[in-house]
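Reviewing the structure listed below.
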Amino acid sequence: MPRNDSEAVAYVGEAISRYGRDVKVVSGRHCYEDFIYNGTTRAVIDMSAMNRVGWDERRPAFVVEAGCENWSVYRALLNAFHRTLPAGSCYSVGAGGHITGGGYGLLSRLRGLVVDHLSAVDIVTWNASSNSAELHHVSASSASDDERDLFWALRGAGCGNFGVILRYYFDDLPEAPEFASIYTLSWDWASIDSAAFADLLAFYAEFVSDMPETEFSLLKLTHVSAGQLGMTVQAVSPEGATLLDHRADVERRYAEARTRFGAIVDHTPLRNPLGGHPGWTTAPVGNESVQHVTYLEALQTLNGSGPNQFGKYKSAYLNKAFPPDQVAAIHRWLRTTPHGVAESDMSQSLLQVDSYGGAVNRVASDATAVPQRDAIMKLQYQTYWLNASRPGEGRRAPYDVQADAHLGWINDFYREVYAEYGGTPDPARDPSGTVAGAYYNYPDSVLGTHAAGDVDHALWLYFLDNFRDNERNLVAVKRRWDPANVFHHAQSIPVV
Ligand SMILES: Cc1cc2nc3c(=O)[nH]c(=O)nc-3n(C[C@H](O)[C@H](O)[C@H](O)COP(=O)(O)OP(=O)(O)OC[C@H]3O[C@@H](n4cnc5c(N)ncnc54)[C@H](O)[C@@H]3O)c2cc1C
């Protein structure tokens, strides 16, 4: 656990000299896959103790160290500078992996991705010629092409690929909104037949395309066993708006949304928190109203990570409304309980459809490593389960039955939704331009791994032409900065 730059260089050097390629880096420990902790790992560089956030006079720039968690970053930037990042909602996600993997959240329609604001990175890399660890400060204005290319790659593809990131710099950051308003509309599964479900999804696509950039929505298409499904919307105040104007505007938009969604299916008050991220989104008792709060209070309200439990995630981007085949498959799988578990065991499983677009779409697809710049919706398939196993036993008998049921359900669900493109949201097989790959910060080993020989497919879905086709591409950057492939995992960027 390095506490400063010189310790970081020394520890990376010592760990790699001693353990070679079996060294990993960890920050917030929120990785969805076993990229860090697995059977071959022999040393872990843990960034938790490098966790300062604030203003660095020397650069001068805002600085966020890799060991920070979202919540401390939000609080410090907001309370000391009235600034914010368009980062994720869950308070305990670590800056180390989150920022370099892209980073998005409820302000992203207004402010883009976190990497869109990034201006420089401090990173410890491994020099394979001299067998030594080196500290580099890389930015878009670095003197060498190689350093500028590395900075580009770290804006979306840095997770465990090129070295150990110590800190992120931002020359400027967006002003934090003053106020935020949150409302939830929920519907009983019992009143939704397949036609109403299709209408709901069709209208949701219109709703997110038309909404002001100050708004962000999370549609939680929960498994039928949850009893209800719902949509949470956060609307922040535009710069300069008074509380009264903001309130009036949101109340008007809320009334419109109620009327228009209500024409498809009557809403009913939310009876239980809906699962998924932001975890355990809750609403006040008698919640058929808008909650008007400060921006900090909104961050607190939507910040849950949920309890510790097992989970599996898959993602997809959509550039257009849901095609009918996908709607039918989604409806079918949300009503399917896999063999091996009771229906109630599925009550936290869902497909969450976040609004996207806005400022995210005003950046060119090759300006950062994140290429998905035309998407209007970002989908996250999620399933969770609790069992009584001890660490390391979750996939052993008798717990494996439950794990296999959940994993089978989510993998089959996804494969069927994208069946027409070969089972993944592969834009190369979609002449209609509807699907646009997946998100690297939501890694899913089923898409492809080095061990299975199909990692290129996964990396294509995450990075599209930025992976290996564009002139500036991730494979070339990897070859230049980590030719010995010291920093690797099941879905790391290959050297060739
Ligand atoms: C509860 C939960 C909520 C989430 N919500 C959001 C969200 O709202 N928006 C969003 O965009 N994403 C979200 N994510 C995904 C999140 O962005 C990724 O899991 C991210 O990679 C986590 O970073 P970490 O440092 O916490 O994880 P870690 O497990 O520590 O690391 C994740 C990956 O990054 C690498 N890495 C970590 N630190 C460094 C470093 N210092 N230098 C180089 N590589 C490093 C690791 O080796 C690993 O490959 C969420 C995840 C969870 C579990």
Side-chain angles (χ1 to χ4, degrees), residues 1-2 8 12 23-38 41 44-51 64-71 73-74 85-108 112-115 121-126 150 153-154 156-168 216 218 275-281 299 302-313 315 352 354 356 360 370 372 378 380 382 384 439-445 462 481-482 486-493:
M1 282 183 67
V12 172
V23 177
K24 304 290 178 211
V25 48
V26 77
S27 293
R29 292 192 175 80
H30 277 57
C31 191
Y32 286 165
E33 292 287 357
D34 67 347
F35 295 171
I36 301 158
Y37 298 101
N38 60 56
T41 301
V44 176
I45 306 290
D46 182 330
M47 296 305 297
S48 310
M50 291 184 68
N51 55 16
V64 173
E65 290 192 326
C68 292
E69 293 176 347
N70 273 346
W71 182 238
V73 175
Y74 282 132
L85 279 175
S89 40
C90 295
Y91 73 94
S92 53
V93 163
H98 180 58
I99 294 181
T100 192
Y104 88 106
L106 281 86
L107 276 195
S108 288
L113 305 179
V114 179
V115 287
V121 176
D122 287 343
I123 181 170
V124 178
T125 58
W126 180 250
L150 177 58
L154 296 177
C159 300
N161 276 313
F162 303 100
V164 177
I165 293 166
L166 306 188
R167 59 183 66 79
Y168 299 99
F216 193 93
L218 312 118
H277 295 162
W280 300 86
T281 297
L299 286 170
L302 298 176
N303 81 0
S305 290
N308 270 308
Q309 53 190 340
F310 295 85
K312 171 70 188 162
Y313 307 82
S315 70
Q352 180 173 317
D354 289 359
Y356 208 61
V360 178
V370 183
Q372 290 87 2
K378 184 156 172 163
Q380 192 175 187
Q382 307 170 45
Y384 302 91
Y439 180 35
Y440 199 44
N441 249 343
Y442 294 162
D444 170 16
S445 291
Y462 297 136
W481 284 96
D482 185 22
V486 166
F487 298 101
H488 70 100
H489 52 73
Q491 291 188 334
S492 55
I493 310 291

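Hydrogens, waters and symmetry mates play no part in the numbers below; they use all other heavy atoms, side chains included. Counting convention: from 1, in listed order, for ligands and their atoms alike.
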[X] neighbourhood, listing ligand 1 atoms whose heavy-atom distance to it stays under 4.0 Å:
{"X": "Gly88", "answer": "7 (C), 8 (O), 9 (N)"}
{"X": "Val93", "answer": "2 (C), 3 (C), 4 (C), 26 (O), 50 (C), 51 (C)"}
{"X": "Gly103", "answer": "11 (O)"}
{"X": "Gly97", "answer": "20 (C), 21 (O), 23 (O), 24 (P), 25 (O), 34 (O), 37 (C), 38 (N)"}
{"X": "Ser89", "answer": "8 (O)"}

Which option out of [options] puts a heavy atom nearest to [atom]?
{"atom": "atom 43 (C) of ligand 1", "options": "Gly311, Gly96, Gly163", "result": "Gly163"}
{"atom": "atom 29 (O) of ligand 1", "options": "Pro86, Ala95, Gly67, Cys31", "result": "Cys31"}
{"atom": "atom 33 (C) of ligand 1", "options": "Cys159, Ala8, Gly94", "result": "Cys159"}

So do [Y] and [X] actually touch side chain to side chain, heavy atoms under 4.5 Å?
{"X": "Tyr168", "Y": "Asp122", "result": "no"}
{"X": "Val23", "Y": "Val486", "result": "no"}
{"X": "Met50", "Y": "Pro2", "result": "yes"}
{"X": "Tyr384", "Y": "Phe310", "result": "no"}

Pairs of nitrogen or oxygen atoms closer than 3.5 Å, one from [X] and one from ligand 1: do any exist?
{"X": "Tyr313", "value": "no"}
{"X": "Val164", "value": "no"}
{"X": "His30", "value": "yes"}
{"X": "Met47", "value": "no"}

- request: For the pair Tyr356 and Tyr104, name the ring-plane relationship: parallel under 30°, tilted 30 to 60°, perpendicular over 60°.
  value: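 Tyr356 and Tyr104: perpendicular rings.
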message: side-chain contact (heavy atoms from CB on, under 4.5 Å), that's the test. Do Gln372 and Val360 meet it? Break it down for me.
response: CA-CA 9 Å; Gln372 290 87 2; Val360 178; over 6 Å; no
Report the part of [X] (side chain from C-beta onward, or backbone N, CA, C, O) that has a heavy atom under 4.0 Å from ligand 1; answer both or neither where that applies.
{"X": "Cys90", "value": "side chain"}
{"X": "Ile36", "value": "side chain"}
{"X": "Ala66", "value": "side chain"}
{"X": "Tyr439", "value": "side chain"}
{"X": "Arg29", "value": "backbone"}

Look only at the side chain of [X] and the backbone of [Y], and say whether a donor-acceptor pair between them is shorter than 3.5 Å.
{"X": "His489", "Y": "Cys159", "value": "yes"}
{"X": "Lys24", "Y": "His488", "value": "yes"}
{"X": "Thr100", "Y": "Leu154", "value": "yes"}

task: Considering only NZ, NE, NH1 and NH2 on the basic side and carboxylate oxygens on the acidic side, decide whether Lys312 and Glu33 come within less than 4.0 Å.
output: yes
query: Could Lys378 and Asp354 be called an ion pair, given the rule that one side-chain N must be under 4.0 Å from one carboxylate O?
result: no
- request: Examine the side chains of Tyr313 and Gln380 and answer whether a donor and an acceptor come within less than 3.5 Å of each other.
  value: no
Non-hydrogen atoms of [X] versus ligand 1: any pair closer than 4.0 Å?
{"X": "Gly101", "value": "no"}
{"X": "Tyr442", "value": "yes"}
{"X": "Gly102", "value": "no"}
{"X": "Thr100", "value": "no"}
{"X": "Ser92", "value": "no"}

- prompt: Quick one: are the ring centres of Tyr462 and Tyr439 less than 6.0 Å apart?
  reply: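 Ring centroids of Tyr462 and Tyr439 are no less than 6.0 Å from each other.
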